[in-house]
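Below is one structure, written out as structure tokens, with a few remarks after it.
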Amino acid sequence: MRRVKIVDALKSEDYGKEILVMGWVRTKRISKNVCFIALNDGSTINNLQIVVDVNPEFENILGKINTGASISALGNTVESMGSGQNAELHCLKLEVLGQANPDEYPLQPKRHSLEFLREIAHLRIRTNTFSAIFRIRHAMTFAIHKFFNDKGFCNVHSPIITGSDAEGAGEMFQVTTLDINNPPRTKDMKVDYSQDFFGKQTHLTVSGQLEGELAALALSEVYTFGPTFRAENSNTARHLAEFWMIEPEMAFYDINDNMDLAEEMLQYLVKYALDNCREDLDFLTKRRLDEQSQKPQNERDAMSLIERLEFIMNNKFERLTYTQAYEILKDSKHNQKGKFSYPVEKWGIDFQSEHERYLVEKHFQKPVILTDYPKEIKAFYMKQNDDGTTVRAMDVLFPQIGEIIGGSQREENYDKLLLRIKEMNIPEEEMWWFLETRKFGTVPHSGYGLGFERLMLFVTGMSNIRDVIPFPRTPKNAEF
RNA sequence: UCCUCCUUAGCUCAGUUGGUUAGAGCACCUGACUGUUAAUCAGGGGGUCCUUGGUUCAAGUCCAAGAGGGGGAGCCA
């Protein structure tokens, strides 16, 4: 007999049918004549209640079943006599697949701290919170591919090992097969990378953007969705050493087309979650409400998770330039009363988290897209404006998490790009292939990068990025 | 990397001005109970007080160093 998933068993109102289910025991409640087992198989946040008559036939088996054990149960679906669920399974045949010693199994039917669960990342997936998060993570992955596919974008696999260290997006992890205790040396005692696996020094990628641009200048509209690696010693709830990034890159798009796409994509993804992950979102909404009730009133969210997602879905993002944002911040009472740790008093400063949060959470109270930043604080490949001081950059700022997207229209003029590469001391000889796209059939084009885990933070309402990726990689931590 | 807080039972946490045998709730084990929803009730077992060193008649408590973790900042996605 074929196993029925619990998500389907719970949906069925065709009572009296004999079905087989398998899963992991969440709780067992036993009394003299009847035993209730809450069974979960990860197909839904909801458990199927297995009802077992306590008789000599089952007594021995029931003794082997504790929280965490895996079982298979054959029985008839019946309409529940108790409240709390519609269908339940009246058990006819019960089998233990794998026991879980209750003295050793760390998950109890009670609330655990997220910090404790991080230490048992191999088991935390079995909890309601994490199974909900990872079902949503899957749904978001799928929705991203669906969004771009429906628009005719081409998914491009950019390389994970890169031979260029000129991407400029952060510190990199080196990839080598040389013996680090005794590497070959050149005459001047430097490590001789010509003897390394690739015949040169290589690293894990920090961005697929440059390769994405190459593809866009052939396929028009492309996106990458892959892992990226940053060896920065960042210890925050918003940074990972290994994270997933979505990087669309579009030929013939200017910065306004770019912003339109970013806004449409974020709203599409939020709507997809609301339409397809409702039960998991309801659970996480309740979880966050419980968590918030521990906090003082003035630190609590103004909106619940679901309300916030609906708000994003239904409201246009605010668009303004860096200079306009600078004026708002400079003239704000907050600034004039000296309440910013970093006062806003000189055009050209890079905005701090506190400034971004003020704009998003206090001033506009909605997502904000900032454009046209001073060129000094942005990357070399961004298109320079005619004013000679700003570039066509755009950052999408979200409540709670700050910068969720960073992007720009790209500089398509060969001479301007080359000049900028020289000004910023980027090794020109390593960028020959990138420069050639501007030499042969260059076109206006744009793109952006979305940090997938930052999106996940927003959609799930979790507050630590280590809780929205199954096995987080952070400084001093590569367990599991 | 900087600032700050934390580390006591399997988990979440109390532990007073340093003072006898370190506590609670949940979990676990035993028993009771005809339908429970993190069931309930009664009883029981369970401790490297993060590590090392120091002060003291006496340290879970005070001091120093180290390790691990949380929150905030920087860098960014």
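Here is the naming used below: chain letters follow the sequence lines, and residue numbers restart at 1 for every chain.
- Under 4.0 angstrom from either OP1 or OP2 of B:C11 there lies no side-chain N or O belonging to A:Lys110.
- Contact annotation: side chain of A:Asn235 to base of B:U1, donor-acceptor pair present below 3.5 Å.
- No N or O donor and acceptor, one from the side chain of A:Glu232 and one from the base of B:G74, sit under 3.5 Å apart.
- Of all nucleotides present, only B:U52 satisfies the Watson-Crick or G-U wobble test against B:A64, with each distance under 3.5 Å.
- The residue A:Pro102 sits close only to the backbone: its heavy atoms come under 4.0 Å of sugar-phosphate atoms, none of a base.
- Comparing B:C28 with B:U12, their C1' atoms are spaced 16 Å from each other, to the whole Å.
- For A:Val51, taking side-chain heavy atoms from C-beta onward, the closest of the listed nucleotides B:G72, B:C11, B:G35 is B:G35.
- Between A:Tyr326 and A:Phe351, the distance from one ring center to the other does not fall under 6.0 angstrom.
- Taking the C1' atoms as reference points, B:G54 lies 33 Å from B:A24, given to the whole Å.
- Rounded to the nearest Å, the gap between the P atom of B:G71 and that of B:C29 is 34 Å.
- Of the possible polar contacts, one joining the A:Asp257 side chain to the A:Asp254 backbone as a donor-acceptor pair under 3.5 Å is found.
- Comparing A:Asn66 and A:Glu354 by the nucleotide of RNA chain B that holds the closest heavy atom to each, the one mapping nearer the 5' end is A:Asn66.
- Closest contact between the side chain of A:Arg29 and the listed nucleotides B:G74, B:A39, B:G70 involves B:A39.
- Side-chain N/O atoms of A:His112 and base N/O atoms of B:C11 include no donor-acceptor pair closer than 3.5 Å.
- The aromatic ring centroids of A:Phe471 and A:His122 lie 6.0 Å or more from each other.
- The CG atom of A:Leu123 sits 17 Å away from the P atom of B:G10 (whole-angstrom rounding).
- Proximity note for A:Ser80 (side chain, C-beta onward) versus B:C29, B:U36, B:C75: the nearest is B:U36.
- Within the 4.0 Å cut-off from OP1 or OP2 of B:A73, at least one side-chain nitrogen or oxygen of A:Arg238 is found.
- Within the structure, a side-chain polar atom (N or O) of A:Arg118 is placed less than 4.0 Å from OP1 or OP2 of B:G70.
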Working for side chain to side chain contact (heavy atoms under 4.5 Å, CB included), residues A:Tyr253 and A:His445: CA-CA 5 Å; A:Tyr253 275 49; A:His445 63 289; over 6 Å; no
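- Closest approach to the A:Gln108 side chain among B:A27, B:G74, B:U1 is made by B:A27 (side chain taken as heavy atoms from C-beta onward).
- If you take atom P in B:G60 and the same atom in B:G53, they sit 15 Å apart, rounded to whole Å.
- Side-chain nitrogen and oxygen atoms of A:Gln352 include at least one within less than 4.0 Å of the OP1 or OP2 phosphate oxygen of B:G74.
- Picking from B:G35, B:U36, B:C75 the nucleotide with the shortest atom distance to the side chain of A:Ser31 gives B:G35.
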Stepwise ring pair (Phe, Tyr, Trp, His ring centres under 6.0 Å) check, A:Phe452 with A:Phe225: CA-CA 9 Å; A:Phe452 185 50; A:Phe225 185 0; 5.1 Å; yes
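- Picking from B:U36, B:G70, B:C26 the nucleotide with the shortest atom distance to the side chain of A:Gln49 gives B:U36.
- Picking from B:U12, B:G35, B:G72 the nucleotide with the shortest atom distance to the side chain of A:Ala237 gives B:G72.
- Judged by distance alone with a 3.5 Å cut-off, no donor-acceptor contact links the side chain of A:Ser234 to the base of B:C76.
- Side-chain atoms of A:Thr228 do not come within 3.5 Å of backbone N or O of A:Thr205 as any donor-acceptor pair.
- For A:Thr27, taking side-chain heavy atoms from C-beta onward, the closest of the listed nucleotides B:G74, B:C76, B:A39 is B:A39.
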